[in-house]
Amino acid sequence: MRTYAIGDLQGCAHEAQLLIDRIVDDARQHGPAQPRILFVGDLINRGPDSLTALRRMKALSEANPGRIDALLGNHDLHLIAVAVGAQRASRSDTLDEILAAPDRDELIGWLRRRPLAMFLDAHLLVHAGVAPQWDAAQTMALAHEVETVLRGDGWIDFLGRMYGNEPNAWDDSLRGMARLRCIVNALTRMRLCAPDGSMDFLHKESESGPEGSGLVPWFDLPQRATADVTVVFGHWSALGLVLRPNLVGLDSGCVWGGKLTAVCLDDRSLLQVDCPEYREHSGKQ
């Protein structure tokens, strides 16, 4: 079975279907087995058809358990929090159709049960990043801590306390909400880090921090404990496609007029679909 990872959809349902069709055709050329398709999060928001994207992904996942699935991204968590009143909607959100849908509760229920990390065939999949202290096994264990809360009875209370930038660095002694918040921030929000591994949440629109800041992409920290596996992630459209021996970055800016990207993890072959500029990037005039 060939495995394909797909970058951030952000409500681009039409392009997602085109890419899935291309994946199925590509997989047929390599044997009879159906492909495994994994989305690295942010299925919804900012794009033109978040409701269709979410309904389609839920249906595909439920019809193909273990073969088609999606990680939770920061926009997915935002939708869940808005739906239960734990967070206010943003002016840039395109979530109204989901929030008004008759199957809204079923969609939210499916979404909050998605994983925050996956590990298969020496590939660690996350939405945003991995704290430099974590190896793959610890990443999976910490992701499971948050998943257990999101799937449990206290999930609404958790969402109400999930937001915040502190603590901005991992410590094994963290407990309670501070621990869970730090895990969520690393896995779904992280981009740049200081040399000591502390996370920066102010700079989002570039590939690096301001000159003299010392900030670097989380994956360029020399002490990163996941350097022995291949980390697959999305979340960072300013980077575009990233392909390194131990790194695959998949957010190629679909909603911003870029491409929706899939990479076959077996051989690094690339499949892409061109996308209209559904949203004007903040860096444009």
Side-chain angles (χ1 to χ4, degrees), residues 3-26 35 37-54 56-57 60 70-79 90-95 123 125-129 187-192 201 203-209 216-220 230-244 247-265 267-285:
T3 299
Y4 300 79
I6 297 181
D8 304 38
L9 299 188
Q10 295 203 257
C12 298
H14 175 67
E15 289 74 21
Q17 188 58 57
L18 292 177
L19 189 55
I20 290 170
D21 291 344
R22 288 193 60 188
I23 287 172
V24 171
D25 289 342
D26 183 72
I37 304 175
L38 305 173
F39 297 82
V40 299
D42 280 0
L43 297 177
I44 48 83
N45 210 9
R46 291 184 172 161
D49 202 350
S50 289
L51 178 58
T52 296
L54 185 54
R56 189 172 291 156
M57 292 308 106
L60 286 170
L71 295 172
L72 274 172
N74 56 302
H75 282 282
D76 307 313
L77 285 170
H78 175 66
L79 167 63
S90 167
R91 286 184 297 177
S92 61
D93 287 345
T94 58
L95 303 174
H123 290 81
L125 284 75
V126 297
H127 176 63
L187 293 175
T188 69
R189 296 181 62 205
M190 181 164 62
R191 291 185 178 95
L192 294 167
F201 299 111
H203 303 94
K204 304 178 181 181
E205 304 296 339
S206 65
E207 302 174 23
S208 59
V216 297
W218 62 266
F219 47 78
D220 283 335
T230 298
V231 180
V232 182
F233 69 102
H235 184 59
W236 202 347
S237 60
L239 286 177
L241 178 67
V242 178
L243 294 175
R244 299 185 188 176
L247 199 72
V248 177
L250 291 172
D251 187 356
S252 45
C254 179
V255 77
W256 309 111
K259 298 177 185 293
L260 183 62
T261 295
V263 169
C264 178
L265 302 184
D267 59 11
R268 294 294 187 94
S269 57
L270 185 67
L271 296 171
Q272 292 185 304
V273 172
D274 292 326
C275 304
E277 187 181 55
Y278 291 117
R279 294 294 293 270
E280 183 175 305
H281 196 280
S282 59
K284 295 185 178 180
Q285 299 299 317

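Values in this document were obtained by computation on a predicted structure and should not be read as measured data. Atom set for the values below is all heavy atoms of this structure, side chains included, hydrogens, waters and symmetry mates excluded.
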| query | Just wondering, do Leu38 and Ile6 contact through their side chains at under 4.5 Å, heavy atoms? | reply | no
| message | Just verifying a value: how many Å separate Phe39 CZ and Asp8 CG, rounded to the nearest 0.5 Å? | response | 11.5 Å
| message | Which label fits Phe219 and Phe233: parallel for a plane angle under 30°, tilted from 30 to 60°, or perpendicular past 60°? | response | tilted
| field | Main-chain N/O of Val255 paired to Arg46 side chain as donor or acceptor, under 3.5 Å | value | no
| message | If I compare all heavy atoms of Leu187 with all of Val126, which pair ends up nearest, and what's the gap? | response | CD2-CG1, 3.8 Å
| said: If we ignore hydrogens and angles and just use 3.5 Å, is the side chain of Trp236 paired with the main-chain N or O of Gly129 as donor and acceptor? | reply: no
| field | Rounded distance [0.5 Å steps], CG in Leu95 versus CG in Leu79 | value | 5.5 Å
| field | salt bridge (charged side-chain N to carboxylate O under 4.0 Å, His left out) involving Asp25 - partner list, sequence neighbours excluded | value | Arg28
| request: State the CD1-CD1 distance between Ile23 and Ile37, to the nearest 0.5 angstrom. | output: 4.5 Å
| message | Among Ile20, Ile44, Thr52, exactly one meets side-chain contact (heavy atoms from CB on, under 4.5 Å) together with Met57. Which residue is that? | response | Ile20
| query | To the nearest 0.5 Å, what is the distance between CG (Leu250) and CD (Gln272)? | reply | 9.5 Å
| message | If I compare all heavy atoms of Ala5 with all of Leu265, which pair ends up nearest, and what's the gap? | response | CB-CD2, 4.3 Å
| query | Can any side-chain N or O of Asp49 pair as donor or acceptor with the backbone N or O of Gly11 at less than 3.5 Å? | reply | no
| message | Rounded to the nearest 0.5 Å, what separates atom CG in Leu125 from atom CG in Leu71? | response | 6.0 Å
| field | Polar side-chain atom of Asp76 near backbone of Gly73 as donor-acceptor pair, under 3.5 Å | value | yes
| query | Okay, side chain of Asp42, backbone of Gln10: is any donor-acceptor separation there less than 3.5 Å? | reply | no
| request: State the CG-CD distance between Leu60 and Gln17, to the nearest 0.5 angstrom. | output: 7.0 Å
| With distance as the sole test, does Asp251 use its side chain to make a donor-acceptor pair with the main-chain N or O of Gly234 at under 3.5 Å? | no
| query | Got a sec, which residues hit side chain to side chain donor-acceptor pair (under 3.5 Å) with Thr188, two or more places apart in sequence or on another chain? | reply | none
| query | Listed by chain and number, what are the side chain to side chain donor-acceptor pair (under 3.5 Å) partners of Asn74, not counting sequence neighbours? | reply | His127, His235
| task | Any pair with a residue in residues 252-261 that passes salt bridge (charged side-chain N to carboxylate O under 4.0 Å, His left out), sequence neighbours left out, goes on the list, sorted by first then second residue, please. | result | Lys259-Asp274
| field | Donor-acceptor contact present, side-chain Thr94 to main-chain Pro48, <3.5 Å | value | no
| remark: Taken in chain and number order and not counting sequence neighbours, the residues that satisfy side chain to side chain donor-acceptor pair (under 3.5 Å) with Ser252 are Thr261
| task | Without swapping roles, check the side chain of Asp267 against the backbone of Ser269 for a donor-acceptor pair under 3.5 Å. | result | yes
| task | Please list, chain by chain and in numerical order, all residues satisfying side chain to side chain donor-acceptor pair (under 3.5 Å) with Arg189, sequence neighbours excluded. | result | Asn165, Asn185
